[in-house]
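Take a look at the structure below.
On a predicted model such as this, the values are computed, not experimentally measured, just so you know. For reference, positions follow the sequence shown, starting with 1.
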Amino acid sequence: MPLLYSIGKLTVAPALRLAFRPDVEGLEHIPGTGGAIFAGNHLSVADELFLGTVVPRHLAFWAKSEYFKGTGPKGALTKFVLTGLGAIPVERAGGRAALSAFDAAIPVLKAGDLVAVYPEGTRSPDGRLYRGRTGAVRLALAAGVPIIPVGMTGTDQAQPIGTRMPRPGRAKITVRFGKPLDFTGRPDDRTSLREMTDEVMAEIQKLTGQEYVPRYAPPRGNSTGTGDAPATGTGDAPA
């Protein structure tokens with residue numbers, strides 16, 4: 001476990017548990033060893049904080065590459081923190097550039113570590129669960145690891161979009177883990193990837209009870225609902 005992540009486990013995580021007292025269900029589905037992908041719904045920046053708080057092992061989050069390229073003292077600090085936490089940079093432009101995140105994540109998973117991704121590709125603009133992108137499934141097949149569905153509730157009220165920090169007392173936060181999904185041996189053609197991704201999203205919906213929207217989530221600032229987040233489905237906020 002990276003040193004900075006370990007320090008956070010001893011300081012930030014206990015503070016969050018004390019302040020918010022999140023309910024956690026399904027911890028028995030988290031493997032004690034070996035690689036796995038956590039695929040969850042995405043309501044708030046706080047999702048990463050609480051997921052990292054309740055998972056006992058190190059979680060490598062995918063974060064926008066821009067966070068690793070900032071200038072000045074703030075940019076240097078952000079890069080230092082993300083690197084120290086073991087975050088994986090991803091290009092949100094998609095295409096070949098975005099696949100560099102796969103190149104970084106596959107050896108991490110094969111080495112027995114955990115990676116967290118958000119198949120919706122961005123935070124939900126209205127609390128509903130949107131169609132998942134196929135990146136999580138493609139990564140699971142490439143690395144030969146299972147996907148663990150994650151359902152978060154309450155984080156969008158504890159830290160609504162646009163606020164800087166989660167606030168205690170605003171909502172009850174619940175984190176639910178589903179049974180691991182093993183897609184080993186399944187074909188990786190486009191149709192099969194879509195079917196497996198829909199299976200993952202169905203399991204996430206069971207954990208959250210969210211209304212499902214069969215289209216990609218619109219990027220922030222766009223209410224058309226067409227969606228143009230990268231196919232990797234990495235989420236848009238650092239750990």
Side-chain angles (χ1 to χ4, degrees), residues 1-2 5-6 9 24-42 47-48 50-63 82 85-91 94 98-121 129 131-152 175-208 229-235 237-239:
M1 185 179 294
Y5 199 97
S6 298
K9 276 291 193 183
V24 185
E25 301 175 13
L27 278 175
E28 68 273 13
H29 299 312
I30 300 176
T33 60
I37 296 170
F38 286 78
N41 62 319
H42 203 11
D47 296 337
E48 290 95 333
F50 288 100
L51 186 58
T53 293
V54 303
V55 173
R57 298 172 55 193
H58 173 248
L59 266 174
F61 288 91
W62 281 357
L82 289 177
L85 291 173
I88 300 171
V90 59
E91 297 285 349
L99 293 181
S100 63
F102 279 70
D103 297 335
I106 290 173
V108 169
L109 290 164
K110 288 187 174 181
D113 210 345
L114 307 174
V115 171
V117 301
Y118 294 97
E120 291 172 279
L129 182 68
R131 190 185 198 205
R133 297 184 180 267
T134 60
V137 168
R138 289 191 284 121
L139 182 60
L141 291 174
V145 299
I147 293 179
I148 299 174
V150 182
M152 287 264 189
V175 186
R176 297 185 177 95
F177 299 97
K179 295 180 180 180
L181 302 174
D182 187 356
F183 297 117
T184 303
R186 296 273 291 268
D188 60 357
D189 60 276
R190 187 171 182 176
T191 299
S192 297
L193 290 172
R194 180 73 263 157
E195 290 175 351
M196 288 182 280
T197 300
D198 289 343
E199 289 177 35
V200 173
M201 301 310 292
E203 291 302 314
I204 294 174
Q205 186 188 28
K206 291 178 184 178
L207 298 172
T208 65
T232 52
T234 59

Can you confirm whether [X] sits close enough to [Y] that some side-chain heavy atom of one is under 4.5 Å from a side-chain heavy atom of the other?
{"X": "Val137", "Y": "Ser192", "answer": "no"}
{"X": "Ser6", "Y": "Met1", "answer": "yes"}
{"X": "Arg131", "Y": "Arg194", "answer": "yes"}

Between [atom1] on residue [X] and [atom2] on residue [Y], distance to nearest 0.5 Å:
{"X": "Asp182", "Y": "Lys179", "atom1": "CG", "atom2": "NZ", "answer": "14.0 Å"}
{"X": "Thr33", "Y": "Arg57", "atom1": "OG1", "atom2": "CZ", "answer": "6.5 Å"}
{"X": "Phe61", "Y": "Asp47", "atom1": "CZ", "atom2": "CG", "answer": "9.0 Å"}
{"X": "Gln205", "Y": "Asp198", "atom1": "CD", "atom2": "CG", "answer": "11.0 Å"}
{"X": "Asp188", "Y": "Met196", "atom1": "CG", "atom2": "CE", "answer": "7.0 Å"}
{"X": "Lys206", "Y": "Met201", "atom1": "NZ", "atom2": "CE", "answer": "13.5 Å"}

For the student: nearest non-hydrogen atoms of [X] and [Y], plus distance:
{"X": "Pro56", "Y": "Ile30", "result": "CD-CD1, 4.2 Å"}
{"X": "Ile148", "Y": "Gly178", "result": "CG2-O, 3.6 Å"}
{"X": "Glu203", "Y": "Pro149", "result": "CB-CG, 3.8 Å"}
{"X": "Pro180", "Y": "Pro146", "result": "CB-CB, 4.1 Å"}
{"X": "Ala104", "Y": "Ile88", "result": "CB-CG2, 3.7 Å"}
{"X": "Ala136", "Y": "Val117", "result": "CB-CG2, 3.6 Å"}

On the 0 to 90° scale, with breaks at 30° and 60°, tag the His42-Tyr118 ring pair as parallel, tilted or perpendicular.
parallel
From the list Ile147, Thr184, Leu193, Thr134, side-chain contact (heavy atoms from CB on, under 4.5 Å) partner of Leu141 resolves to Leu193
Apply the test side-chain contact (heavy atoms from CB on, under 4.5 Å) to residues Phe183 and Thr197: give CA-CA distance (whole Å), side-chain angles for both, the deciding distance (0.1 Å), then the verdict.
CA-CA 10 Å; Phe183 297 117; Thr197 300; over 6 Å; no
Please confirm whether the backbone N or O of Gly52 pairs with a side-chain atom of Lys9, one donor and one acceptor, at under 3.5 Å?
yes
Any side-chain to backbone donor/acceptor pair from Arg176 onto Leu207? Under 3.5 Å, distance only.
yes
Ring centroids only, cut at 6.0 angstrom: are His58 and Tyr5 within range, meaning strictly under it?
yes
